[in-house]
Protein chains: 2
Amino acid sequence: MSMQDTASSGVALWRLVADGIERGIADGRFAAGDKLPGEVEIAETYRVNRHTVRRALAALAERGIVRAERGSGTYVEAQKLAYPLRSRTRFSEIVGADGREPHGRLIEASDDVATRELARELGLKAGAPLVRIEAMRLADRTPICVSTTWLSAQLFPGAGEIFAATRSMTKLLEHYGVRDYRRGATRITAGIVDATDAARLDLALGRPILVVDATDHDLDGKPLVTKHSRFAAERVEFLVEP
Amino acid sequence: MSMQDTASSGVALWRLVADGIERGIADGRFAAGDKLPGEVEIAETYRVNRHTVRRALAALAERGIVRAERGSGTYVEAQKLAYPLRSRTRFSEIVGADGREPHGRLIEASDDVATRELARELGLKAGAPLVRIEAMRLADRTPICVSTTWLSAQLFPGAGEIFAATRSMTKLLEHYGVRDYRRGATRITAGIVDATDAARLDLALGRPILVVDATDHDLDGKPLVTKHSRFAAERVEFLVEP
DNA sequence: CCAAGTTGTCTATGATACTAGACAACTTGA
DNA sequence: TCAAGTTGTCTAGTATCATAGACAACTTGG
């Protein structure tokens with residue numbers, strides 16, 4: 001590798017090395033507890049100066065993904081949360097199943113107005129009044145995702161306050177008499193985190209995120225809420241079952 | 001924004017601006033054909049020098065996402081391929097449905113040996129002989145994904161040559177008498193492209209990719225092939241149906 | 001204890017990223 | 001025609017990135 005490569009990509013070399021190592025961990029090439037190759041060896045495989053490797057490892061260490069031991073080596077620490085995308089998906093259940101403590105946090109609730117797209121998703125007319133809830137979900141103390149959720153302000157008046165009190169979308173819907181609901185069509189793509197979400201998710205700028213758009217329906221198929229969620233890609237892995 | 005931010009993230013400022021604009025396009029904030037805000041305005045919103053914005057726009061223009069017109073403005077060009085993740089998924093059908101021409105390309109076929117994980121996926125013993133096929137899929141002339149596919153060398157002897165001739169996994173399986181097959185459990189996450197895949201996908205280093213791991217089964221549930229695919233996130237959007 | 005291998009720290013140098021300011025070239029609408 | 005707004009191009013200065021080399025501090029295994 002050379003500076004030429006990074007000039008055209010806008011990503012620092014050490015960052016590419018860090019991403020490569022991180023992917024090796026995600027792939028299972030390096031398991032939790034394993035010792036990574038030495039700095040000199042990594043430098044050779046990536047054709048990079050050892051200082052550049054050190055910077056990459058320092059970044060990974062700061063994020064708690066590896067741990068360096070002087071004189072001995074650098075060791076792997078972490079792994080991802082398995083997040084099944086079933087028709088009936090509840091964040092708290094998924095996190096609980098991983099042996100961790102789920103948390104919800106309200107960032108902001110505000111009034112909004114339906115764009116054409118939001119109206120279509122929710123079965124409303126463009127311009128209809130909505131409640132917009134910006135929320136965050138954590139496993140133990142680790143931020144997993146931030147979501148923007150929209151609900152009809154007419155069907156769910158005062159939804160913002162209810163969510164603030166319950167910090168759970170399931171309980172919010174229960175409060176309005178919705179016993180059960182199902183996830184509808186879901187769109188998934190990836191992108192790069194923006195500055196606002198980076199701060200919320202405690203992610204470095206430039207990290208990848210999984211972007212999920214979905215609408216939940218009641219058992220009659222009537223749309224209830226539509227969501228735009230951004231997941232820290234380094235902390236989760238979606239499971240789609242056949 | 002400041003250099004401080006980029007120092008800790010390892011991503012150039014212009015890259016963050018470019019990613020932000022690209023996300024705006026993906027989100028629909030800027031539709032195809034729309035005029036973007038002026039360079040000065042973008043510079044103000046990102047709190048960045050106008051030259052930095054120009055560099056971001058130049059990068060987007062080079063990738064064919066926007067087009068600058070001197071004296072007038074900068075305009076949006078592109079959009080993503082919708083990729084449904086159904087139980088019965090065929091690349092050629094998806095691309096055809098988008099009005100584009102699907103292509104397959106063999107990068108490399110070689111013999112391999114099952115790791116513990118591969119063996120579990122394929123229902124074989126660790127160390128069993130495998131055929132490993134590295135292939136690429138395109139829509140028109142645009143690379144969409146690269147996949148590494150593993151098959152049992154005993155069940156599918158000479159699979160590499162067959163794929164080279166047919167350039168289709170469906171036809172390869174037909175050749176061995178498999179009439180139909182289904183996608184099994186699928187794992188999706190996001191990451192940053194590595195140098196090899198970047199070259200194959202014609203992506204800049206540091207771009208996000210969607211990483212998909214899946215195993216296909218025959219109608220009796222017997223595993224046939226297991227795949228590790230990397231999609232250019234900027235060119236596709238997965239659709240998961242309930 | 002010793003040798004080999006590891007991470008940690010220092011100095012130095014050239015290339016690049018970002019900022020700042022100024023002006024040219026062009027388009028659009030009044 | 002003219003003014004306002006747009007993209008295109010140039011010059012500079014400062015901070016950061018990446019490389020290179022040397023050595024210290026520490027761990028491990030023989």
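Each chain gets a letter, A, B and so on, in the order its sequence line appears, and its residues count up from 1. Below, all heavy atoms of this structure are taken into account, side chains as well, without hydrogens, waters or symmetry copies.
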_With heavy-atom distances below 4.5 Å as the criterion, would you say the side chains of A/His103 and A/Arg137 are in contact?_
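No, side chains not in contact.
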*Heavy atoms, side chains only, cut-off 4.5 Å: are A/Thr189 and B/Val236 in contact?*
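No, every pair of side-chain atoms sits at 4.5 Å or beyond.
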*5'-most contact on DNA chain C: A/Leu57 or B/Asn49, nearest heavy atom basis?*
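Comparing both residues, the 5'-ward one is A/Leu57.
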Rounded to the nearest angstrom, tell me the gap between atom [atom1] in [X] and atom [atom2] in [N].
X	N	atom1	atom2	value
B/Tyr46	C/dT19	OH	C1'	19 Å
A/Arg67	C/dG8	CZ	C1'	17 Å
A/Lys35	C/dG5	NZ	C1'	8 Å
A/Tyr75	C/dT7	OH	C1'	11 Å

_Given D/dT19, C/dA25, D/dC26, identify the nucleotide with an atom nearest to the side chain of A/Arg70._
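Nearest nucleotide to the side chain: D/dC26.
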*Taking only the side-chain heavy atoms of A/Ala12 (C-beta and beyond), determine which of C/dT7, D/dC17, D/dT7 contains the nearest atom.*
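Selected nucleotide: D/dC17.
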*asked:* With a 4.0 Å limit, can you tell me whether A/Thr52 has a side-chain N or O closer than that to the phosphate oxygens OP1/OP2 of D/dT19?
replied: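 A/Thr52 to D/dT19 OP1/OP2: side-chain N or O found under 4.0 Å.
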*Can you tell me if the side-chain N/O atoms of B/Arg54 get under 4.0 Å from OP1 or OP2 in D/dT7?*
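So the side-chain polar atoms of B/Arg54 never come under 4.0 Å of the phosphate oxygens OP1 or OP2 of D/dT7.
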*What about B/His51, does its side chain sit under 3.5 Å from the base of D/dG8 through a donor-acceptor pair?*
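When only heavy-atom distances are counted, B/His51 does not reach the base of D/dG8 through any donor-acceptor pair under 3.5 Å.
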*Polar side-chain contact A/Arg50-C/dG8 base: donor and acceptor under 3.5 Å*: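 Side chain to base: pair found, below 3.5 Å.
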*Starting at the 5' end of DNA chain D, which residue's closest nucleotide do you reach first, B/Thr74 or A/Ser72?*
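The answer here is B/Thr74.
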*asked:* Please compare A/Glu69 and B/Gly38 by the position of their nearest nucleotide in DNA chain D and report the one closer to 5'.
replied: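 The answer here is B/Gly38.
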*Among all residues two or more places apart in sequence or in another chain, which pass the salt bridge (charged side-chain N to carboxylate O under 4.0 Å, His left out) test with B/Arg29?*
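Partners of B/Arg29 under the salt bridge (charged side-chain N to carboxylate O under 4.0 Å, His left out) test: B/Asp27.
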_Pairing of A/Asp19 and A/Arg15 as salt bridge, 4.0 angstrom limit_ =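 So A/Asp19 pairs with A/Arg15 through a salt bridge.
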